[in-house]
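Everything below concerns the one structure shown next.
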Amino acid sequence: MISIIVAISKNNCIGKDGKLPWHIPEDMKHFKELTIGKVVVMGRKTWESIPDKFRPLPNRKNVIITRQENYEAPESVEVFNSIDDALTNYSSDDVMIIGGAQIYKQAFESADKLYVTHVDREVDKCEAYFPEIDPAIWKETNRENNPDFSFITYERQS
């Protein structure tokens, strides 16, 4: 199963100045609960944006996608040069795509499920966007509303 986990603003923003444009502790807890014990696939920039004290993400298999040859990562972290190679290697595992924008875009057509935190705000001068979630393709299957955000699960319609 390939799932994408992401937090997006009303205007589909996912990144500004190389980081998340908000701090929502409940979202971090939600992220951890959904990714524990799974393979987390991320781009190099996402990997490098995680504070050193949290890298590699504990109790998960960390996978980095980068075009850089001989990219140096900790021994416990796997590095692939394409999303396709990583997904092929982990085809029998629960894979969570955790960003960034290019990795989401490349994995979007392969994903079975989306775990989306919809943040109730617009972000000016956004640098990274998430693809549009087409309701003809994605069906909402679960929703948890909070005052400033909602956790929504979407499943690909067959």
Dump the intermediate steps for side chain to side chain contact (heavy atoms under 4.5 Å, CB included) on Val40 and Met42, then the final yes or no. CA-CA 7 Å; Val40 290; Met42 68 199 91; 3.9 Å; yes
Shortest non-hydrogen contact between [X] and [Y], atoms and distance:
X	Y	value
Val123	Ser9	CG2-CB, 3.7 Å
Ala7	Asp27	CB-OD2, 3.6 Å
Ser76	Pro56	OG-CG, 3.6 Å
Gly15	Cys126	O-SG, 3.5 Å

Verdict with reasoning, Trp47 to Ile65, per side chain to side chain contact (heavy atoms under 4.5 Å, CB included): CA-CA 9 Å; Trp47 166 259; Ile65 308 299; over 6 Å; no
Distance-only polar pair, side chains of Asn62 and Glu78, donor-acceptor under 3.5 Å: no
Indicate whether any N or O donor in one side chain lies under 3.5 Å from an N or O acceptor in the other, for Asp84 and Ser82. no
Please determine whether the number of non-hydrogen atoms from other residues, nucleotides or ligands lying under 6.0 Å from atom CD of Glu72 exceeds 12. no
Going from [atom1] on [X] to [atom2] on [Y], what distance comes out if it is rounded to the nearest 0.5 angstrom?
X	Y	atom1	atom2	value
Cys13	Tyr129	SG	OH	6.0 Å
Thr35	Met96	OG1	CE	6.5 Å
Asn145	His118	CG	NE2	10.5 Å
Ile83	Tyr104	CD1	OH	11.0 Å
Ile137	Glu132	CD1	CD	11.5 Å
Ile8	Trp22	CD1	CH2	8.0 Å

May I ask you to decide whether Lys38 forms a salt bridge with Asp93, counting only side-chain N to carboxylate O separations under 4.0 Å? no
Whether Lys113 and Glu155 form a salt bridge (side-chain N of Lys/Arg under 4.0 Å from carboxylate O of Asp/Glu) is what I want to check.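 The answer is yes: the pair qualifies as a salt bridge.
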Member of Leu34, Leu57, Val41 meeting the side-chain contact (heavy atoms from CB on, under 4.5 Å) criterion with Ile98: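 With Ile98 as partner, Leu34, Leu57, Val41 yield a single side-chain contact (heavy atoms from CB on, under 4.5 Å), made by Leu57.
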Whether [X] side chain and [Y] backbone form a donor-acceptor pair below 3.5 Å:
X	Y	value
Lys16	Asp124	yes
Arg121	Val119	no
Arg67	Asn81	no
Asp112	Met1	no
Tyr71	Arg44	no
Glu122	Lys10	no
Ser150	Ile152	no
Asn146	Asp148	no
Glu48	Gly43	no

Contact between [X] and [Y] at the side-chain level, heavy atoms closer than 4.5 Å - yes or no?
X	Y	answer
Val63	Val77	no
Ile97	Ile103	yes
Pro135	Tyr154	no
Glu127	Asp17	yes
Leu87	Val95	yes
Ile133	Val116	yes
Tyr115	Ile4	no

Set out, in order, the CA-CA distance, both residues' side-chain angles and the distance that settles side chain to side chain contact (heavy atoms under 4.5 Å, CB included) for Ile14 and Val6, then state yes or no. CA-CA 8 Å; Ile14 61 170; Val6 64; 3.6 Å; yes
With the 4.5 Å side-chain cut-off for hydrophobic clustering, are Leu20 and Phe130 part of the same group?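 Each belongs to a different hydrophobic cluster.
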For Phe151, give me all partners under ring-ring contact (aromatic ring centres under 6.0 Å, His included), at least two apart in sequence or on another chain.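 His30, Phe149.
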